[in-house]
Q: 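The structure that follows is given in the form of structure tokens.
We use all heavy atoms of the structure for the numbers below, so side chains are in, but hydrogens, waters and symmetry mates are not.
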Amino acid sequence: MTRRHDIPVLETKRLVLRAPEPQDYPDFKATFASYRSRFMGGPLNPYETWMLYAAEIGHWDIRGYGMWMVHLKDSGETVGMAGGWFPAKWPEREIAWIIWPDKGGKGFALEATDRVRRHFYHDAGWETAVSYIDPKNLDSIRLAERLGATRDAAAASIDGSDAVYRHPSPAALKGTQLAHGIDMEIANFQDPLFKPKGWAID
């Protein structure tokens with residue numbers, strides 16, 4: 001069991017990942033009440049969002065791991081969540097993520113999810129993980145594939161309507177071209193390689 005004061009803080013160049021706190025709830029509520037949550041059982045009503053957020057916090061006590069709130073390092077604002085998820089009915093431990101509706105397209109999900117996977121693999125000793133994704137959620141499927149996950153047709157799904165994407169094992173990632181490519185893509189979001197200089201002439 002992990003007590004809340006023991007939950008690790010994870011960092012990247014742009015992000016700080018901390019345990020979910022009560023003051024983070026409004027952004028969570030707004031996202032899960034919006035169309036953005038349509039692939040995760042939403043949109044949810046106020047009672048459902050409250051219960052789900054309570055589950056996010058309680059998951060840490062029950063499982064010893066959970067979802068981190070993703071904060072921008074320079075401003076402290078939240079942009080989404082990423083972490084581990086293994087509620088009742090889940091066949092396996094999942095790596096999951098969600099980015100707030102107005103914060104997409106900046107690489108935050110890739111950066112945060114790569115960081116939590118590194119933590120679970122290198123610090124928590126996980127040897128495998130999956131992501132359960134709605135087949136219509138093309139953005140999440142693309143992100144899973146960019147992280148090296150591949151569809152595992154033999155793995156048990158939650159309810160038969162989700163696709164199971166298996167993340168590469170720690171050994172399959174270590175020192176590989178895939179791992180280097182993930183690092184390069186994240187670095188480009190953090191500090192774009194091609195920056196316009198001066199004024200455009202057309």
Q: Looking at Lys29 and Glu48, is there a salt bridge between them, counting it only when a charged N and a carboxylate O are closer than 4.0 Å?
A: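 A salt bridge is absent here (no side-chain N lies under 4.0 Å from a carboxylate O).
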Q: With a 4.5 Å limit on heavy-atom distance, are the side chains of Phe189 and Arg14 in contact?
A: yes
Q: Could you check whether any side-chain heavy atom of Ile98 comes within less than 4.5 Å of a side-chain heavy atom of Phe28, counting everything from C-beta outward?
A: no
Q: List the steps, then state whether side-chain contact (heavy atoms from CB on, under 4.5 Å) holds for Thr128 with Ser169.
A: CA-CA 5 Å; Thr128 189; Ser169 68; 5.9 Å; no
Q: Looking at Thr113 and Ala82, what are the two nearest heavy atoms and their distance?
A: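 Of all heavy-atom pairs spanning Thr113 and Ala82, the closest is OG1-CB, 4.2 Å.
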Q: Measure across Trp68 and Val116 and return the closest heavy-atom pair with its distance rounded to 0.1 Å.
A: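 Distance-wise, the nearest heavy atoms are CE3-CG1, 3.6 Å.
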Q: Looking at the rings of Trp126 and His167, which for Trp means the six-membered one, are their centres under 6.0 Å apart?
A: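 Judged by ring-centre distance (under 6.0 Å), Trp126 and His167 do not meet the cut-off.
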Q: Given side-chain contact (heavy atoms from CB on, under 4.5 Å), test Asp114 with Ile186 step by step and report yes or no.
A: CA-CA 9 Å; Asp114 176 71; Ile186 292 171; 3.7 Å; yes
Q: Does any non-hydrogen side-chain atom of Arg18 lie less than 4.5 Å from one of Ile7?
A: no
Q: Is there side-chain contact between Glu77 and Lys103, with at least one heavy-atom pair below 4.5 Å?
A: yes
Q: Can you confirm whether more than 12 heavy atoms, excluding those of Lys174, are under 6.0 Å from its NZ atom?
A: no
Q: Could you tell me the separation between the CZ atom of Arg142 and the CG atom of Asn137, rounded to the nearest 0.5 Å?
A: 9.5 Å
Q: Which atom pair, heavy atoms only, marks the closest approach of Arg146 to Ile182?
A: O-CG1, 3.4 Å
Q: Show the nearest heavy-atom pair for residues Gly104 and Ile99, with the distance to one decimal.
A: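 Here Gly104 and Ile99 meet closest at N-CG2, 3.9 Å.
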Q: Apply side-chain hydrogen bond (donor to acceptor under 3.5 Å, both in side chains) to the pair Thr78 and Asp24, showing each step before the final yes or no.
A: CA-CA 7 Å; Thr78 65; Asp24 300 318; 5.2 Å; no
Q: Once rounded to the nearest 0.5 Å, what's the spacing between atom CZ of Phe120 and atom CG of Leu10?
A: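 It comes to 8.0 Å.
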Q: Would you call Glu111-Lys13 a salt bridge at under 4.0 Å N-O?
A: no
Q: Within a strict 4.5 Å, meaning less than it, do heavy atoms of the Ile57 and Tyr53 side chains meet?
A: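 Of all side-chain heavy-atom pairs linking Tyr53 with Ile57, at least one is under 4.5 Å.
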Q: Determine whether a donor-acceptor pair (N or O, by modelled atom type, separation under 3.5 Å) exists between the side chain of Tyr25 and the backbone of Pro20.
A: no
Q: Would you check if Val130 and Asp152 make a side-chain contact, meaning some heavy-atom pair closer than 4.5 Å?
A: no
Q: Hey, which of Ile95, Ile141, Leu143 is the one that makes side-chain contact (heavy atoms from CB on, under 4.5 Å) with Tyr165?
A: Ile141
Q: Given the rule in the salt bridge (charged side-chain N to carboxylate O under 4.0 Å, His left out) test, do Arg118 and Asp183 qualify, once you have shown the distances and angles that lead to the verdict?
A: CA-CA 12 Å; Arg118 289 173 187 258; Asp183 289 343; 2.5 Å; yes
Q: Please examine the side chains of Tyr121 and Leu173, heavy atoms only from C-beta on, and report whether any two atoms are closer than 4.5 Å.
A: yes
Q: CE of Met81 to NE2 of His71: how many Å apart, nearest 0.5 Å?
A: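 NE2 of His71 is found 9.0 Å from CE of Met81.
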Q: Taking all atoms of both residues into account, what is the closest heavy-atom pair of Val164 and Ser157, and its distance?
A: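 Minimum heavy-atom separation between Val164 and Ser157: CG2-CA, 3.8 Å.
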Q: Rounded to the nearest 0.5 Å, how far does CD of Glu145 lie from CD1 of Ile133?
A: 8.5 Å
Q: Specify whether Tyr65 and His59 have parallel, tilted or perpendicular ring planes, treating 30° as the upper limit for parallel and 60° as the lower limit for perpendicular.
A: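 Rings of Tyr65 and His59: perpendicular, over 60°.
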Q: Check step by step if side-chain contact (heavy atoms from CB on, under 4.5 Å) holds for Leu17 and Met69.
A: CA-CA 6 Å; Leu17 283 65; Met69 193 66 63; over 6 Å; no
Q: State, yes or no, whether a side-chain contact exists between Tyr132 and Pro91 at a heavy-atom distance under 4.5 Å.
A: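 The answer is yes; the side chains approach within 4.5 Å.
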Q: Please report the interatomic distance CZ(Phe32) to CG(Asp27), rounded to the nearest 0.5 Å.
A: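 Going from CZ on Phe32 over to CG on Asp27, the span is 12.0 Å.
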Q: For Gln177, look at atom CD and say whether over 12 heavy atoms of other residues, nucleotides or ligands are found less than 6.0 Å away.
A: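 Atom CD in Gln177 is not crowded, with 12 or fewer foreign heavy atoms closer than 6.0 Å.
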Q: What distance do Leu110 atom CG and Arg115 atom CZ have between them, rounded to the nearest 0.5 Å?
A: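 Between Leu110 CG and Arg115 CZ, I get 14.0 Å after rounding to 0.5 Å.
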Q: Can you hop from Leu52 to Trp97 via hydrophobic side chains spaced under 4.5 Å?
A: yes
Q: Could you report the tightest heavy-atom contact between Trp85 and Ala96, atom names first, then the distance?
A: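 Residues Trp85 and Ala96, closest heavy atoms: CB-CB, 4.5 Å.
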Q: Taking the six-membered ring of Phe86 as reference, does the NZ or CZ atom of Arg93 fall below 6.0 Å from its centre and within a 45° cone about the axis?
A: no
Q: List the steps and the verdict of side-chain contact (heavy atoms from CB on, under 4.5 Å) for Phe108 and Leu72.
A: CA-CA 9 Å; Phe108 297 139; Leu72 296 183; 3.6 Å; yes
